[in-house]
Amino acid sequence: IASLTQIATPTLGWQTATNTAAASLGAPVESDAALRRRQAATVAQPSTTIIAGLQGALQSLPGVTRAQVLENDTDTATSEGLPPHSVTAIVLGGNATDIASTILAKKSLGAYTNGTTLVSPVIDAAGISYSIRYYVPSPVRIRVQVSITTMPNYSSDVGLSLRQAIVDYINATPFGDDILFTRVYLPAMLFGASDASKYEVVALQTAKGVAALGTADIAILFNEQPSCVLADVVLVVV
């Protein structure tokens, strides 16, 4: 209170400024990551490729927060284990019947649907019954330890914001994308220009599940979703 007295942008007729009450910070209506996913789904639906159209349709279903579609059009299984001539959908959230019906309506003709979640029967417009499979992504816990030195203007709130920035970065990682060790430095060091000047990152380690912390990239399977909560990010002040 009464601490905001500097007029950053001079305006004609405005001579003094003060805040009579403590400010309450707002929050974005939508995060950048959520906007990018929604934009990708919107432009994909009228696409000319079947896979992009299917992915866009899945992402637009009520309750679906993320979706990815993989295709194997070869005669042999892929290194990830995708069966030959198959379509693999990985979908987070949504109604199973809606998801299966969308896959049936949008997939390539004759393509096998791959996954561990089975919905049967799914009836098409001609009354023919099908069994449709897809994956619900398996959450994979990612742990992070960050060591920092602090400046005189550092506070515990800055440390909390730093940890939250790392959590948000990991949770926004798409299905199957590896956690690249050096990329985790970005949210750790640059989550806010003003706060980032209040500390210095001196060391960082990551781990998958209960594995030992280290500095190697973390491999994520195609049907795994990197997951992180505040308790998984440990901050060490040295």
Side-chain angles (χ1 to χ4, degrees), residues 30-31 33-142 167-180 208-209 218-229:
E30 186 175 29
S31 69
L35 174 60
R36 287 193 293 270
R37 290 195 297 270
R38 185 165 59 85
Q39 187 268 347
T42 300
V43 300
Q45 289 191 70
S47 64
T48 57
T49 65
I50 292 176
I51 295 302
L54 171 55
Q55 183 164 317
L58 289 171
Q59 289 177 331
S60 299
L61 290 175
V64 171
T65 57
R66 194 174 299 178
Q68 184 172 336
V69 180
L70 306 174
E71 181 185 30
N72 178 15
D73 61 357
T74 70
D75 293 330
T76 58
T78 68
S79 59
E80 295 176 318
L82 304 183
H85 305 292
S86 67
V87 170
T88 300
I90 309 104
V91 188
L92 181 61
N95 177 272
T97 301
D98 291 343
I99 293 169
S101 297
T102 301
I103 294 173
L104 177 61
K106 297 288 187 177
K107 75 178 183 70
S108 303
L109 292 175
Y112 173 77
T113 56
N114 178 42
T116 54
T117 298
L118 172 65
V119 181
S120 182
V122 181
I123 312 300
D124 68 5
I128 301 174
S129 175
Y130 294 86
S131 294
I132 300 296
R133 301 164 187 82
Y134 69 96
Y135 281 102
V136 175
S138 302
V140 175
R141 181 188 180 199
I142 303 298
V167 168
D168 293 342
Y169 171 80
I170 291 174
N171 288 336
T173 303
F175 310 139
D177 276 18
D178 294 344
I179 301 296
L180 302 180
K208 182 178 182 179
I218 297 176
I220 303 296
L221 299 179
F222 74 90
N223 59 342
E224 290 181 335
Q225 172 61 57
S227 176
C228 187
V229 297

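All figures in this text were calculated on a predicted structure; none of them were measured in a lab.
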| message | Please enumerate all residues that pass salt bridge (Lys or Arg N to Asp or Glu O under 4.0 Å) together with Lys208, with sequence neighbours excluded. | response | Glu224
| note | OG1 (Thr173) and CG (Asp168) are apart, to the nearest 0.5 Å, by 11.0 Å
| If we only count heavy atoms from C-beta on, is the Leu58 to Val69 side-chain gap below 4.5 Å? | yes
| Interatomic distance, Gln225 atom CD to Asp177 atom CG [nearest 0.5 angstrom] | 9.0 Å
| Close side-chain approach of Arg66 and Pro137, heavy atoms under 4.5 Å | no
| query | How many angstroms lie between atom CD of Gln55 and atom CG of Leu70, to the nearest 0.5 angstrom? | reply | 8.5 Å
| query | To the nearest 0.5 Å, what is the distance between CD1 (Ile170) and CD1 (Ile218)? | reply | 7.5 Å
| query | Quick one: are Val140 and Pro226 in side-chain contact, heavy atoms under 4.5 Å? | reply | no
Donor-acceptor list for residues 79-98 side chains, cut-off 3.5 Å, not counting sequence neighbours:
| residue | atom | partner | partner atom | Å |
| --- | --- | --- | --- | --- |
| His85 | NE2 | Thr74 | O | 3.4 |
| His85 | NE2 | Asp75 | OD1 | 2.5 |
| Ser86 | OG | Pro83 | O | 2.6 |
| Thr88 | OG1 | Asn114 | ND2 | 3.0 |
| Asn95 | OD1 | Thr97 | N | 2.9 |
| Asn95 | OD1 | Asp98 | N | 3.0 |

| Closest approach of Ser60 and Gly56, non-hydrogen atoms and distance? | OG-O, 2.9 Å
| request: Quick one: which residue pairs count as a ring-ring contact (aromatic ring centres under 6.0 Å, His included) with a foot in residues 94-137, not counting sequence neighbours? | output: Tyr135-Phe222
| message | Run Asn171 and Ser227 through side chain to side chain contact (heavy atoms under 4.5 Å, CB included) and show every step you take. | response | CA-CA 5 Å; Asn171 288 336; Ser227 176; 4.3 Å; yes
| query | So which heavy atom on Leu54 is nearest to which on Thr102, and how close? | reply | CD1-O, 3.8 Å
| task | Answer whether the closest heavy-atom distance between the side chains of Ile123 and Ser129 falls below 4.5 Å. | result | yes
| CD1 on Ile50 to CG on Leu109, rounded to 0.5 Å | 7.0 Å
| query | Between OG1 of Thr116 and CG of Asn223, what distance do you get to the nearest 0.5 Å? | reply | 7.0 Å
